[in-house]
Structure formats: structure tokens, C-alpha cells
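Worksheet: the structure to be examined is printed underneath.
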Amino acid sequence: MNLIGVNPALPGISGSKKLGFFSFNGGNQPINLKPGGVYQIKVAMEEKQTLKLDVQGKVDRFANGHAGKNHSHLSTIGNSTNIKWHVCPVEKTDRQKLLQQRGCVIWITGLSGSGKSSVACALSQMLYQRGKLSYILDGDNVRHGLNRDLSFKAEDRVENIRRVGEVAKLFADSGFICIACLISPYKSDRAACRAMLPTGDFIEVFMDVPLRVCEGRDPKGLYKLARAGKIKGFTGIDDPYESPLDAEVVLQCNTGDCSTPRDMAEKVVSYLEEKGYLQA
């Protein structure tokens, strides 16, 4: 950032003098940069900012944030214009150290009735018992609030997944272990959510439970309604489900006698332990 002047209370600063990452130009008299001092500068955007120095005489990024950095570049993202990304000094790594875990997204996908929500709840409980912080984004639950304006039409289902992916990304960035459990039937939508996160932080869990088992359970009576033609576009009946080919964890149940949700969740916990997500 180019400085166009300094507080009149300060003498000029020679071109060779620097205050942290701020270069001061103009003036012939050096200034004594005292550790712990506070200085005001006038920047090109006509803003006055107070900079605090740490005990070594450097700009304290935690006290000042990114004061003085040039973040004036505006962007257009989608339909949003004239926006800019604000960076804060407390970052993901700092939050992870605080929580003693690594933020990630566990994306549980499968047919309706495959046991996604049951496994998600068992997993969250197991993590809680280990002192690890998680949060569940359940497909039905988010439609009670955030996504209540969306239907089950194809375009709305895509938007539903996109929104959940964006929220899950924020949870992961905060250091949480975010558990998203949705049918999410299309590979492209799941791939788009994976692409939102750093490599390795999207953990796809496939509930590999065949249609006959899920329909036999029919916990919400939706298969019966779909078979009767009262629900259109129901996944597995008149809308496809695209099974993952490269899921990090696959939980299988080929008969009515399946492992318990807790046993299935234990496999996910083992994966998290192996990959180091349960420690900072």
C-alpha cells in the first residue's frame, strides 16, 4: 500500500525505514520505532489507521488485523458485485489448535432409508464423548430453515446441495468436524462440494444399502407414496441415484440384518483417527 503522508505528530521517515510491512517514503529525518508504540498513518484510501507494535517493534498482526494492507480490489462473484474478501488474523490453524482437532466435512450420501441420519447422530455422539466438536447438517433439517424456499425439482435440488456445501465449508473452516447427511444423488453435485474444500478435507461416506432394503424400511412412508405416483422424481424410483466410485468410507448393508449405526460410525471414527483429524 502506498503511503501519501503521516500523522503531523511524526517526523518524516527515510525511504529505507520500514514499519513491519509498511514502507514509508518521503522525509529526511528518521524516526525511532519504539517497541509497543502506537502510530497513525494516512493511506492512499484517505483512512487513518492506528498501528500497534509488538515488543520486537514489528506490527502486531493480532492487535491490528491486516490494517494498512491493500484490500481495495473489488470482485464480482455470481450476481454479487463490488465485494471484497476480508481476511482476519485468527485463521483456521489457530482455531484448530484451540479445539485440538482438524476441521473437515464428512459427507454421508445414500438412498432414503439407508441410515444416513442414524449414522450421523451416532458419529456425532462418539466424537462428543471423545471431546471433539462436531455439527450435523441433516438434509431434512436444513429444509426447515435455510433451504425452506427450495422444492424437490431438479434445479432446486442442485441449489440445496450447493448451499449445504457452502455452509459445511464454513463449519470446517471454523475447525468443526461437520457431518452432512443428504441423499445428494448426483456425482456432479457431490464433486462440486468436494472442490470447495482443501484436498483431503471432504470425506465421502457412502451408505451402500440396496433399494430393496431401504424400501423395506421406508421409515417415512415415502417409497409407498412414490410407488403410488403421489410423489414425483423420488430418488431410486423415478429419479436415479449415482453411487460414488471413490468414497473414502463405504458402509455396506445387503440384508435386513445390518451393523448398528454405532458400529458403522466407529468405522468413520477409525478413518478420522488414521488421517489425523482428531488432533490439531
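Index from 1, following the sequence. What you see below is based on every heavy atom in this structure, not just the backbone, and it leaves out hydrogens, waters and symmetry mates.
Nearest approach of Cys214 to Leu111, heavy atoms of both residues: SG-CB, 3.9 Å. What you find for Ser174 and Leu99 is that their closest heavy atoms are O-CD1, 3.9 Å. Taking both residues in full, the closest heavy atoms of Cys258 and Arg217 are given as SG-NH2, 3.6 Å, listed atom of the first, atom of the second, then distance. A pairwise comparison of heavy atoms in Arg102 and Gln279 identifies CG-O, 3.4 Å as the closest pair. The heavy-atom pair separating Val105 from Ala172 by the smallest distance is CG2-CB, 4.0 Å. Of all non-hydrogen atoms in Leu272 and Ile203, the two that sit nearest each other are CD2-CD1, 3.6 Å.
Although no hydrogens or angles enter the test, the distance criterion places no donor-acceptor pair under 3.5 Å between the side chain of Arg162 and the main chain of Ala192. No donor-acceptor pair under 3.5 Å is formed between the side chain of Asp218 and the backbone N or O of Glu215. The closest donor-acceptor contact from the side chain of Asp138 to the backbone of Asn141 lies under 3.5 Å. With hydrogens and angles ignored, the 3.5 Å screen pairs no side-chain donor or acceptor of Thr235 with any backbone N or O of Pro240.
Two residues are said to be in side-chain contact when any heavy atoms from C-beta on lie closer than 4.5 Å; Cys178 and Leu137 meet this criterion. For the pair Val268/Ile108, no side-chain contact is recorded, criterion being any heavy-atom separation below 4.5 Å from C-beta on. Residues Cys193 and Ile161 meet the side-chain proximity criterion, which asks for heavy atoms closer than 4.5 Å.
Ser134 meets the side chain to side chain contact (heavy atoms under 4.5 Å, CB included) test with Ser124, Leu127, Ile177, Ile179; sequence neighbours excluded. Residues forming a side chain to side chain contact (heavy atoms under 4.5 Å, CB included) with Pro210 (at least two apart in sequence, or on another chain): Arg212, Val213, Asn254. Residues satisfying the salt bridge (charged side-chain N to carboxylate O under 4.0 Å, His left out) criterion with Lys132, sequence neighbours excluded, are absent altogether.
Phe176 and Val90 are not part of a single hydrophobic cluster, where members link through side-chain heavy atoms under 4.5 Å apart. When hydrophobic clusters are built by joining Ile, Leu, Val, Met, Phe, Trp and Tyr residues whose side-chain heavy atoms come closer than 4.5 Å, directly or via intermediates, Tyr277 is not grouped with Met196. Residues Met126 and Val249 are members of one and the same hydrophobic cluster, defined by side-chain heavy-atom contacts under 4.5 angstrom among Ile, Leu, Val, Met, Phe, Trp and Tyr. No continuous path of ILVMFWY side-chain contacts below 4.5 Å connects Ile106 to Phe202, so the two sit in separate hydrophobic clusters. In the hydrophobic clustering of this structure, Leu182 groups with Val167; members are Ile, Leu, Val, Met, Phe, Trp, Tyr whose side-chain heavy atoms approach within less than 4.5 Å, directly or through other members.
Expressed to the nearest 0.5 Å, how far OG of Ser259 lies from NZ of Lys267 amounts to 5.0 Å. Within the model, atoms CD of Glu273 and CZ of Arg130 stand 4.0 Å from one another, a figure rounded to the nearest 0.5 Å. For the atom pair Gln101 CD and Leu133 CG, the distance stands at 5.5 Å (nearest 0.5 Å). Atom SG of Cys181 is separated from atom CG of Asp140 by 9.0 Å, given to the nearest 0.5 angstrom. Interatomic distance, Ile237 CD1 to Ile231 CD1, rounded to the nearest 0.5 Å: 10.0 Å. The CE atom of Met264 sits 5.5 Å away from the SG atom of Cys253 when rounded to the nearest 0.5 Å.
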Assess the residue pair Glu266 and Arg262 against the criterion (side-chain contact (heavy atoms from CB on, under 4.5 Å)); give the C-alpha distance rounded to whole Å, side-chain angles, the decisive distance to 0.1 Å, and a yes or no.
CA-CA 6 Å; Glu266 184 64 52; Arg262 186 173 180 85; 5.7 Å; no
Leu123 vs Ile136, test: side-chain contact (heavy atoms from CB on, under 4.5 Å). Steps then yes/no.
CA-CA 10 Å; Leu123 175 58; Ile136 298 173; over 6 Å; no
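Salt bridge status for Lys92 with Asp201: present, with a side-chain N to carboxylate O gap under 4.0 Å.
In this structure, Tyr241 and Phe206 have parallel ring planes: the angle between them is below the 30° cut-off, well short of the 60° mark.
When ring centroids are compared, Phe234 and Tyr223 come within the 6.0 Å threshold. Side-chain rings of Tyr135 and Phe171 approach one another, their centers coming within less than 6.0 Å.
Within the structure, the salt bridge (Lys or Arg N to Asp or Glu O under 4.0 Å) test picks out the following pairs touching residues 234-249 (sequence neighbours left out): Arg157-Asp239, Arg194-Glu248. Screening residues 168-192 for salt bridge (Lys or Arg N to Asp or Glu O under 4.0 Å), with sequence neighbours left out, gives Arg95-Asp173, Glu166-Lys169, Arg190-Glu204. Residues in residues 146-156 take part in these salt bridge (Lys or Arg N to Asp or Glu O under 4.0 Å) pairs, two or more places apart or across chains: Asp149-Arg163.
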